[in-house]
Amino acid sequence: MSKIKKVLIANRGEIAIRIMRTCRELDIETVAVYSEADRTSLHVRYAHEAYYIGKAPSNESYLVIDKIIDAAKKSGANAIHPGYGFLSENAEFAERCTKEGIIFIGPSPEVIVKMGDKIQAREAMMNAGISVVPGTEGKISSEEEVFKVIEEIGLPIMIKASAGGGGKGMRLVQEADEVVSAVRAARSEALSSFGDDSVYIEKYITSPHHIEFQILADQHGNVVHLFERECSIQRRHQKMIEETPSPLMTPELREEMGKAAVEAARAVNYVGAGTIEFLVDNNLNYYFLEMNTRLQVEHPITERVTGVDLVKQQIRVAEGEKLSFTQNDLSQRGHSIECRIYAEDPDNNFMPSAGKVYKISEPLGLGVRTDGYVYEGYEIPIYYDPMISKLIVWGKSRDEAIRRMRRALYEYKITGVKTSIKMEERVMNNKNFIEGNYDTHFIDKNKEQLMKPEIDKDISDMAIIATFIDYLDKLDNSKNNRKEFSPAQSSWKKGACNINRF
Amino acid sequence: MSKIKKVLIANRGEIAIRIMRTCRELDIETVAVYSEADRTSLHVRYAHEAYYIGKAPSNESYLVIDKIIDAAKKSGANAIHPGYGFLSENAEFAERCTKEGIIFIGPSPEVIVKMGDKIQAREAMMNAGISVVPGTEGKISSEEEVFKVIEEIGLPIMIKASAGGGGKGMRLVQEADEVVSAVRAARSEALSSFGDDSVYIEKYITSPHHIEFQILADQHGNVVHLFERECSIQRRHQKMIEETPSPLMTPELREEMGKAAVEAARAVNYVGAGTIEFLVDNNLNYYFLEMNTRLQVEHPITERVTGVDLVKQQIRVAEGEKLSFTQNDLSQRGHSIECRIYAEDPDNNFMPSAGKVYKISEPLGLGVRTDGYVYEGYEIPIYYDPMISKLIVWGKSRDEAIRRMRRALYEYKITGVKTSIKMEERVMNNKNFIEGNYDTHFIDKNKEQLMKPEIDKDISDMAIIATFIDYLDKLDNSKNNRKEFSPAQSSWKKGACNINRF
Amino acid sequence: MAVEIKVGERVAWVDLISQDENILEIEVDGKVYNVDLMHTADGTFSILEGGRSHNIELVPRDEPKKYTAYTLYQSYDLEVIDAEARYLMNRGGNGFDSGENTISSPMPGKVVKVLVNEGDKVKEGETVIIISAMKMESEYKAPKDGIVKKVNVKNDDTIDGNQILIELELTE
Amino acid sequence: MAVEIKVGERVAWVDLISQDENILEIEVDGKVYNVDLMHTADGTFSILEGGRSHNIELVPRDEPKKYTAYTLYQSYDLEVIDAEARYLMNRGGNGFDSGENTISSPMPGKVVKVLVNEGDKVKEGETVIIISAMKMESEYKAPKDGIVKKVNVKNDDTIDGNQILIELELTE
């Protein structure tokens, strides 16, 4: 058992701050690293210490193992938390930490390698008796093989890159005559994206639900699951809204899938926090999809219903402590939903929207949590992920949670950049979502209702009035010949020069 | 059963917004009322509608029943929520609402009258078999009577105003020869404060704990309690920090006191949310102190451990619905603490500190809730209560909750006015508090450790450097002859004129 | 003083009739509003109109007289059209880009690949340049048939928002 | 340019030795610091010094050259003492109130009761006026023995912060 005293967080943005918060609660010192674009980022200011690690592009900073190890040594950190993304699933980095005598807060390099390769992961799960999506057992070597598989499992099928992720190197095949061109296209995309053109085939599930189980395992062979997260609301193959419990779930299925998730973790001698992702079809058949060997973006909804601080558990496990609870001690209480707030334009194909944040009003009060990192006046860098915040709510029931999310999204205002907030408010008012009747095609299927509504004439009249008054005010300021409106508050703050006169 | 569709909130500040939040979640429209000092207050902006009700002093606005009823009629509100303070325990107001056909979200006028008079309340409780602090059974009419009581219950005793509250008209008597002057002083203070010079006598508990039980009762005779709140951390006889569960509590005592609280509510046919306050001594004897016939400031800690939205329950009960849960459905999960954030100077005898709020950084992330109402640039009015926010945290254990509160107080920054934040951070580091070893004299007894610490030289060097640079910058601005520092971010925001150049 | 204000497709005619401190009488498209309007210290316009409480936050856009207004329900792009603006518009195209013969990126980013050279013929809808921003690649297409007149950027260049990347000569 | 800066009882001597954009070399009481100092857009000074990350928010007080600095641990009152400030101080008392012969309230409020009249003799520690602010009453006492020279307020008056309420003539 080696006590963790100082942790370097090899990450940025909301997850770096999330981790530092728990470290502060545990009296552990925190070390930030930052690229040139992040000198004034909040994670630098929140940490006890901060070190510069290179230019803005992540392959010159957050992905450079040597620089991060250097910063750890300079600061005397005895552990590194990788967060998610960047080096979090990089086996070489995990190995290097161990070699340098620094605790890597995550699983062993061997497990990262095994679960990082989709084909190896699939094989490991099949050996452990866990059902996987029917398809090839390894990468395919000829087109004939593809046709043989189609005979077995039927169309449609999905061709996937072995080294893939994020929707790249994937091709859906609905008809037999599309096979040849689809395989070629997937291979070429896989090669250019990942430097590896291996592909494999899976049965395509027509109405799939993305449901994942949170796992915690200590170094002494104890493994528990912390129930499911429903992550089917996605856009561009990325999650947007998650909830727990899943509206699709039954107590029996939960128990069965939970056991399978624990078996999956055991099969690879997993240590730490991890996630087993499943595809579930409308008949409640479930198939192993992949394992994420790190903290997930959506971990807070699990924290909220179970009451367990997952980062605290990661740290305790990395120190060699035994889990302080068993499966029987865990239960789900109430319902939790997360909306990821992206700086993007949902009304324009989710195009990212970098730029300067003008003003933020955080939603507060009962049952609301936000994990964000941007502040007023902050220039969102173009180099990194467009997710700027996560809004998590809890309610006694799913109905209460949805209503609370609606209220919190109503309160949440981030101006200056476009965000997903208003579109997510429309999701919370969508009949299918409210009924829990959705799969991963939800956004496509409900496009019409989720689009920006018509302009409300009465409200837009108020916007016109505000604009008009601001215009008159500026005009008069430049002419300097009109009696000023009496100010509501004096003008020391925003726009001390001229915009604050009403 | 009459459905509530539009609620007027006869209050201001954080509690007005707290109530409106739940109304929004229930699709109930909200109506704000505001005095001249509150035109730009957040509750006016959060509401669907807002009506002006008079000058800044509360006896010309928030306490004027006619004006509030007028606003309710103008807006078509079919219910009024009084919040706490102001008219919340005013029987005349409750009666007037009923007469005007407006639902008063609170108990009946008769109950408000009975529990508002300390002597009547005491008698009602004794009749219900609930122990009260030993003392006179009614107001005293002669000094001889006082000496007779002292013979029975012994010294020290407390002389209290019958119509009292907030520490006024109270006198502690330690020695027999102080009796005559103490009674006279208490009477005269009671007369000038409340217009009624009736006083009564109670045994003075040397190491008292202030522990209260939350009650919910519907119109159909169902009454439950939602466990205790420990409110012993007080300054100037006002609560400052509350927690639940109480560190003093045992499961047996909880059950016993909970039953007594339910009995107390039943004894007066109570309806709605209410609180039974008890004094508990070190031997775990408990005595009825008073009943508050309204929502308490500290209700959020109960919400957090039970998962029940108390405002929602108040509304449902007022609509005539039955409680949707029984005593057996309720349990406490984890631990919750509230710190009240006052605009005051703890290092100068808690002197209020009105003025303009410069900047606010809200604490966010896991297990943190804030209920506040001030915003950046807001001028805190001098007319109302100095409480500007409440910080509520939850942890799986008391230890986790204290650590989280420490972290949240570290993150919470309100500048421009003095606040209780840093002093409360010192409470979270106090050995006696951490051990749960405290009574209502905590702040007095731990004065030394709770005082402002010595200036840290290294940190103050950094403050000196920042001051120096700001000074140089302003100097050069006026001289206009020095190369500017490169700005971290451009300067459209705060102090667009000259303070944002570094 | 009356001006026109454009919101989406609508052009509204606005006039200030009278003012008594923060109480204003304003006409919008013939409808007269009596509003209590305050600009709060945190930069929001708080408007009380017939009891209703509206909160509007105005964010100036890059060009003068253009704003984005955020209400708590929605956001609107607005533009004030006064005498000066009308004059500029009538002079025609001056400073106003029709957008038909240029390709520009609405946000800062990095050029992944320029797919055309000066002098190349391009067809409407043909991808001419790929831009990366915030981990996402976007393909920019020719708005009309034409010939590439000028390419202002090369691969790996960092670009600003609204910078003109490629100019076309349209073929009728 | 070197100045003195007062923090509590301490008076520190500060000098800027060199500057390279946001990297500064600064001497404080003989100790040389190399700091990376940025003023972030939300108004905080972010200072990195030997790897340590400090956040300091400066709030100007009513008088020039006086600040309150909020670190995440504590707040400090600071005052820059430059040549001008020293000159004013040496001129003596000009604009600086000794506070011994006046009673003023540090914050706005309302007069509950004036307990003395002009010409009254008062003793040190005697309550002369009661002020109410934010639901709390405070008693203000005479700082020294003296005679009431002037009473500037009456019962129920609303008062500003730092307004002189009562002036005394001290008796030796």
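In what follows, chains carry the letters A, B, and so on, assigned in the order in which the sequence lines appear, proteins first and then strands, with residues in each chain numbered from 1.
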Toward chain A, the part of C/L58 with a non-hydrogen atom under 4.5 Å: both

statement: OG1 (C/T158) and OH (A/Y383) are apart, to the nearest 0.5 Å, by 5.0 Å

task: Would you mind checking if C/D29 and A/K457 are paired as a salt bridge, meaning a charged N to carboxylate O distance below 4.0 Å?
output: no

- request: Answer with side chain, backbone, both or neither: which region of C/K6 has an atom nearer than 4.5 Å to a non-hydrogen atom of chain A?
  value: neither

message: Would you say that more than 12 heavy atoms from the other residues, nucleotides or ligands in this model lie under 6.0 Å from the NZ of C/K141, or not?
response: yes

- request: Under 4.5 Å heavy-atom distance to chain C, tell me which part of A/K418 shows up: side chain, backbone, both or neither.
  value: neither

- request: Can you tell which part of C/V80 gets under 4.5 Å to a heavy atom of chain A, answering side chain, backbone, both or neither?
  value: side chain

query: Looking only at heavy atoms, which two atoms of A/I382 and C/G109 are closest? And how far apart?
result: CD1-CA, 3.5 Å

- prompt: Taking every heavy-atom pair that is under 4.5 Å apart, which of C/L78, C/V7, C/T44 has the most such pairs with chain A?
  reply: C/L78

query: At what distance, to the nearest 0.5 angstrom, does CD1 of A/I459 lie from CD of C/E49?
result: 9.5 Å

message: As an exercise, state the distance from CD1 of C/I26 to CD1 of A/I469, rounded to the nearest 0.5 Å.
response: 4.0 Å

task: For residues C/Y70 and A/I414, report the shortest heavy-atom separation together with the two atoms involved.
output: CE2-O, 4.3 Å

task: Please round to the nearest 0.5 Å and tell me the distance separating atom OH of A/Y471 and atom CG of C/D82.
output: 3.0 Å

Which portion of A/Y342 sits near chain C, non-hydrogen atoms under 4.5 angstrom: neither

task: Could you look at A/I380 and say if it's the side chain, the backbone, both or neither that has a heavy atom under 4.5 Å from chain C?
output: side chain

- line: With sequence neighbours left out, the residues meeting side chain to side chain donor-acceptor pair (under 3.5 Å) with A/E14 are A/Y84, A/K390

message: Side chains of C/L16 and A/L472, heavy atoms from C-beta outward: is any pair under 4.5 Å?
response: yes

- prompt: Considering only heavy atoms, which portion of A/S58 lies under 4.5 Å from any heavy atom of chain C: side chain, backbone, both, or neither?
  reply: neither

Audit row: A/D458, C/K31, salt bridge (charged side-chain N to carboxylate O under 4.0 Å, His left out) steps and yes/no: CA-CA 11 Å; A/D458 287 349; C/K31 186 169 175 184; 3.8 Å; yes

- prompt: Is the shortest side-chain N to carboxylate O distance from A/D461 to C/R10 below 4.0 Å?
  reply: yes

field: CA sep, side-chain torsions, deciding dist, call: A/M462, C/F45, side chain to side chain contact (heavy atoms under 4.5 Å, CB included)
entry: CA-CA 10 Å; A/M462 293 303 126; C/F45 283 87; over 6 Å; no

field: CD1-CD1 distance between C/I56 and A/I465, expressed to the nearest 0.5 angstrom
entry: 8.0 Å

field: Rounded distance [0.5 Å steps], NZ in A/K413 versus CD in C/E57
entry: 4.5 Å

